[in-house]
Amino acid sequence: MTQAQQRLPLLCTCEEKSQLIESESGVACPNCGQIFSTSNGVYDLEPGKEYYWNEFTPEEMRKLLDLGWAEGWDAMATATAKAVPVMGELLRSNARLDSIFHCYSPDHAQTCLDVGCGWGTNTEILSHLYEEVWSMDGVSERLEATRIRLEDKGIENVRLVRNFLPRMPFADNTFDMVVIKGVLEWIPLATTEHPTETQRNFLAEVYRVLKPGGCLLLGIENRFGAQYLMGVPDHTGLHLTSYLPRRLADLAVRWNQRRKTDDHVISHDSTTAYRPYTYTKAGYHKILGEAGFNETDIYWAKSYQTPRYSAPVSAANVRFFLDTTTGKFRRFQGTISSAKALFRVIPPGLIETGMTTFTPNFLICSYKGERPQTMQDQLLSTLDKDQTWIKIGGSDAEQGRIQYFILDKANPIPKRIIAFARYPESTAALATEYDCLNRFSGITAEMHQIGPKAPITSEPTTGKPTNGRIAWSSPYIESIETNDAHAVRRGLVWLEEWQQKTKIADRSLAEFAAHVSDIFAQVQAQKADTEESGGADWGSITQIVTGALAGLPPHSVIAECAEHRDFAMSNVRYARSSTLPISGRTDSNGNDQPFVIDWDLYSESGWPFADAINYLLSYYAPSYHQDRFRQTLSNPEFGEMLDYWAQKLDVPSELVWYMIPYQIARLVIDSRNDGLLYRAQAEPLATIWLNAHQQRALHQTDLSGTAQHSPELQ
């Protein structure tokens with residue numbers, strides 16, 4: 001082999017399975033002489049063979065790919081999310097693979113394999129954490145989408161492979177990590193063997209390509225997941241077949257002669273038998289053990305696709321999960337509250353059995369040989385036998401951070417919080433966030449480096465670092481009760497006081513108007529760049545808002561101040577002084593003062609409207625839900641809150657009303673936003689506001705007048 005040649009970890013498809021050699025002339029097998037194409041930036045190990053499984057028809061996908069090559073990944077992702085809104089988060093969220101930190105080891109972070117890479121979201125995330133990433137899929141179009149993403153973002157440590165599973169075309173002992181999410185259940189469709197045998201053989205191949213101490217991260221549904229009892233079809237497209245004995249499930253599928261599509265465009269051979277096998281926790285332990293994995297950790301997860309919450313099975317972390325989600329699913333608050341009350345009296349053992357049996361998904365970490373020390377092990381090394389934990393993933397933004405809440409098993413109130421940056425390059429943002437906690441929330445935080453991450457721990461009882469890690473002194477801060485309008489107003493009071501403390505200077509109306517015009521110009525430019533048609537009439541909205549600003553007295557001033565940029569109900573909390581008193585954290589009336597968290601998007605310079613609008617809409621229209629947003633615009637209480645904020649700022653009420661589309665536009669163009677609002681979601685909201693505004697014709701408040709609630713809001 002000459003110096004110009006390089007032996008790859010890829011194996012040929014011939015019987016000898018020789019390692020392929022890369023040279024200037026291509027990729028070839030030294031044994032059989034077969035040459036594999038790399039002309040499209042992909043090692044194509046399936047030349048001349050086509051296979052298609054995707055969310056779009058081939059024709060639709062081709063148009064999206066052409067758009068991506070012409071205008072970049074962002075334009076392609078925006079168009080994709082507009083066509084299929086659920087794809088927005090799946091394509092853009094940096095939180096998709098926060099489960100990696102259950103098994104990530106900084107000392108074993110050289111090479112990684114992403115199996116079934118799809119559109120490349122997980123691949124991009126892994127490129128931040130591993131020196132070299134191999135990304136594999138069988139669909140050419142999906143690999144091409146991943147290429148567009150990687151090239152547009154300048155990511156150069158990823159290699160793409162086209163290969164049909166269950167074959168694993170890699171040499172022995174190649175990878176430190178293999179990631180398989182939402183793939184194992186579909187592997188049996190590629191063979192005629194018994195499904196379990198096919199999956200077991202595939203997992204044995206995964207074991208083979210892992211290095212000693214390497215890990216398989218598996219994300220997959222629980223066979224008896226509660227979602228199926230609530231009406232969600234399983235992988236066959238039918239209801240409850242996973243609950244049936246395998247033979248009965250097979251008869252049911254054969255009788256129906258159909259399979260799950262979930263609006264996907266799937267063009268492989270039709271499944272007329274029950275083959276997409278999933279298992280219980282015990283079942284996964286068994287099949288992984290039979291494949292050679294000698295140590296396996298299994299965690300429950302609300303979702304393996306976007307694992308916001310995951311933990312070992314414990315009654316305490318289940319109770320804590322219910323406590324922290326009460327305010328996030330308002331339509332289910334009654335059900336969740338009833339479950340919370342019930343779980344307080346059910347013995348912990350029964351809760352844990354139920355969670356093991358019915359958790360929707362599992363996150364599974366299986367090791368080859370001796371299990372190495374992981375970053376999670378380091379962070380949780382001070383836990384005692386009476387404690388457990390729950391991991392809460394970060395925001396969708398790149399600078400998101402991961403948090404571990406340390407709980408007493410007998411009481412779900414956290415004792416400590418450990419946080420670290422998702423990506424090493426975001427450690428500075430983490431330091432900024434906790435500097436804000438020091439300055440604005442009365443928390444003393446210290447930083448300490450562990451591996452490539454900077455974790456932070458809180459010790460509310462002593463405030464002292466534990467085992468050399470970072471600490472800040474504070475009790476656990478419970479989430480605000482979202483049905484208390486008075487508490488909502490208290491949050492606005494805190495915001496106004498904080499903006500006064502961080503005020504930089506009074507700016508002229510002309511300066512603020514120029515800023516608003518620039519925001520709307522950027523939104524319109526993005527729309528023009530992507531050649532979008534239809535959607536919101538941003539031109540009319542711009543004219544209305546800028547025209548309204550022009551109607552203000554020219555001597556008006558707007559304060560330039562700091563911005564939290566994620567000021568929302570979930571990030572405004574209160575210390576329960578009845579159980580954990582905080583000196584100096586109450587006002588003159590004895591009310592608990594807000595305790596504001598999640599400062600990772602903080603900006604020293606901004607304007608006083610965006611935080612307030614985002615905060616109010618997070619209460620009245622959570623997640624910017626369209627129907628709730630429409631109702632909110634005509635809600636008298638919301639109008640009164642706008643009046644209240646206008647009075648605090650000493651500006652006309654109508655000015656705050658005009659800042660609603662301004663906030664929507666900011667979320668669209670701000671690449672650092674929390675993944676909260678993409679154009680496909682924003683267009684309907686802007687149109688709803690425009691329609692509501694056009695109906696406010698009879699009794700609108702003159703912008704030059706004083707703050708007064710407009711009757712049209714009622």
Side-chain angles (χ1 to χ4, degrees), residues 74-75 78 499 503-565 567 601 603-614 616-617 624 633 642 645-646 649-673 676-679 681-694 696 700-705 707 710:
D74 188 63
T78 298
Q499 290 179 346
K503 179 179 175 179
I504 298 171
D506 285 328
R507 300 301 181 188
S508 69
L509 175 63
E511 289 176 288
F512 179 65
H515 161 72
V516 172
S517 296
D518 180 63
I519 292 294
F520 285 123
Q522 290 183 56
V523 172
Q524 293 183 79
Q526 284 187 9
K527 190 168 186 176
D529 289 343
T530 56
E531 299 182 356
E532 292 182 22
S533 60
D537 185 353
W538 287 104
S540 294
I541 293 173
T542 302
Q543 290 181 357
I544 291 170
V545 175
T546 56
L549 289 172
L552 280 169
H555 61 273
S556 301
V557 294
I558 305 294
E560 180 186 2
C561 59
E563 286 185 346
H564 183 281
R565 303 187 77 151
F567 195 69
L601 301 178
S603 174
E604 290 186 354
S605 176
W607 304 93
F609 298 103
D611 280 341
I613 296 297
N614 192 68
L616 291 174
L617 289 177
Y624 287 82
L633 296 183
L642 296 183
W645 188 243
L649 299 183
D650 193 23
V651 299
S653 287
E654 287 297 292
L655 177 57
V656 183
W657 165 262
Y658 288 113
M659 292 300 97
I660 296 173
Y662 158 79
Q663 166 63 3
I664 294 171
R666 280 191 47 165
L667 289 172
V668 173
I669 66 172
D670 189 354
S671 61
R672 297 192 308 158
N673 80 71
L676 184 61
L677 205 65
Y678 302 119
R679 177 178 292 281
Q681 298 166 270
E683 295 283 339
L685 298 180
T687 300
I688 291 169
W689 180 89
L690 181 60
N691 292 337
H693 176 75
Q694 291 170 344
R696 293 163 52 93
Q700 281 190 332
T701 303
D702 185 353
L703 264 177
S704 62
S710 175

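Worth knowing before you read on, the calculation uses all heavy atoms, side chains too, and leaves out hydrogens, waters and symmetry mates.
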A.B. asks: Under the rule for side chain to side chain donor-acceptor pair (under 3.5 Å), what residues qualify as partners of Ser540, not counting sequence neighbours?
C.D. replies: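 Expected list: Asp537.
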A.B. asks: Search all heavy atoms of Tyr658 against all heavy atoms of Val545 and return the closest pair with its distance.
C.D. replies: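 That closest heavy-atom pairing would be O-CG2, 3.8 Å.
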A.B. asks: Check Ala686 against Ile664 and note the closest heavy-atom contact, atom names and distance.
C.D. replies: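 Looks like N-CD1, 4.3 Å.
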A.B. asks: Could you tell me the separation between the CD1 atom of Ile558 and the CG atom of Leu552, rounded to the nearest 0.5 Å?
C.D. replies: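 The CD1 atom of Ile558 sits 7.0 Å away from the CG atom of Leu552.
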A.B. asks: Got a list of side-chain donor-acceptor pairs under 3.5 Å for residues 503-512, not counting sequence neighbours?
C.D. replies:
residue, atom, partner, partner atom, Å
Lys503, NZ, Asp506, OD1, 2.9
Lys503, NZ, Asp506, OD2, 3.2
Arg507, NE, Glu560, OE1, 2.5
Arg507, NH2, Glu560, OE1, 2.7
Ser508, OG, Glu511, N, 3.2
Ser508, OG, Glu511, OE1, 3.3
Glu511, OE1, Ser508, N, 2.9

A.B. asks: Hey, are the side chains of Leu649 and Gln499 touching, using non-hydrogen atoms and a 4.5 Å cut-off?
C.D. replies: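 Yes, side chains in contact.
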A.B. asks: Set out, in order, the CA-CA distance, both residues' side-chain angles and the distance that settles side-chain contact (heavy atoms from CB on, under 4.5 Å) for Asn614 and Tyr624, then state yes or no.
C.D. replies: CA-CA 9 Å; Asn614 192 68; Tyr624 287 82; 2.8 Å; yes
A.B. asks: Please examine the side chains of Val523 and Ile541, heavy atoms only from C-beta on, and report whether any two atoms are closer than 4.5 Å.
C.D. replies: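 Not in contact.
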A.B. asks: Show me the pairs that pass side chain to side chain donor-acceptor pair (under 3.5 Å) and involve residues 541-558, at least two apart or across chains.
C.D. replies: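 Side chain to side chain donor-acceptor pair (under 3.5 Å) check on residues 541-558 returns Gln524-Thr542.
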A.B. asks: Which pair of heavy atoms, one from Ser653 and one from Ala646, lies closest together, and at what distance?
C.D. replies: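 Of all heavy-atom pairs spanning Ser653 and Ala646, the closest is CA-CB, 3.7 Å.
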A.B. asks: Applying side-chain contact (heavy atoms from CB on, under 4.5 Å), name anything that partners Ala612, two or more places apart in sequence or on another chain.
C.D. replies: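 Listed in chain order: Leu492, Leu495, Trp645.
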A.B. asks: Could you check whether any side-chain N or O of Asp611 sits under 3.5 Å from a backbone N or O of Glu563, counting only pairs where one atom can act as donor and the other as acceptor?
C.D. replies: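 No, because the side chain of Asp611 does not come within donor-acceptor range (under 3.5 Å) of the backbone of Glu563.
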A.B. asks: Indicate the atoms forming the closest heavy-atom contact of Ile519 with Tyr662, along with that distance.
C.D. replies: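 For Ile519 versus Tyr662, the nearest heavy atoms are CG1-CE1, 4.0 Å.
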A.B. asks: Can you name the side-chain contact (heavy atoms from CB on, under 4.5 Å) partners of Asn691, sequence neighbours left out?
C.D. replies: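 Per chain and number, Asn691 pairs via side-chain contact (heavy atoms from CB on, under 4.5 Å) with Thr687, Gln694.
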A.B. asks: Among all residues two or more places apart in sequence or in another chain, which pass the side-chain contact (heavy atoms from CB on, under 4.5 Å) test with Ala513?
C.D. replies: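 Ala513 satisfies side-chain contact (heavy atoms from CB on, under 4.5 Å) with Leu549 once adjacent residues are dropped.
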A.B. asks: One pair to check against side-chain contact (heavy atoms from CB on, under 4.5 Å): Ile660 and Leu685. What are the steps and the verdict?
C.D. replies: CA-CA 10 Å; Ile660 296 173; Leu685 298 180; over 6 Å; no
A.B. asks: Mind checking what makes side chain to side chain donor-acceptor pair (under 3.5 Å) contact with Asp650, not counting sequence neighbours?
C.D. replies: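 Listed in chain order: nothing, the list is empty.
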A.B. asks: Does the side chain of Leu616 reach to within under 4.5 Å of the side chain of Leu642, using non-hydrogen atoms?
C.D. replies: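 Yes. Closest side-chain heavy atoms under 4.5 Å.
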A.B. asks: Where do Trp538 and Ala665 come nearest, in terms of heavy atoms and distance?
C.D. replies: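 Smallest interatomic distance, heavy atoms only, reads CZ3-CB, 3.9 Å.
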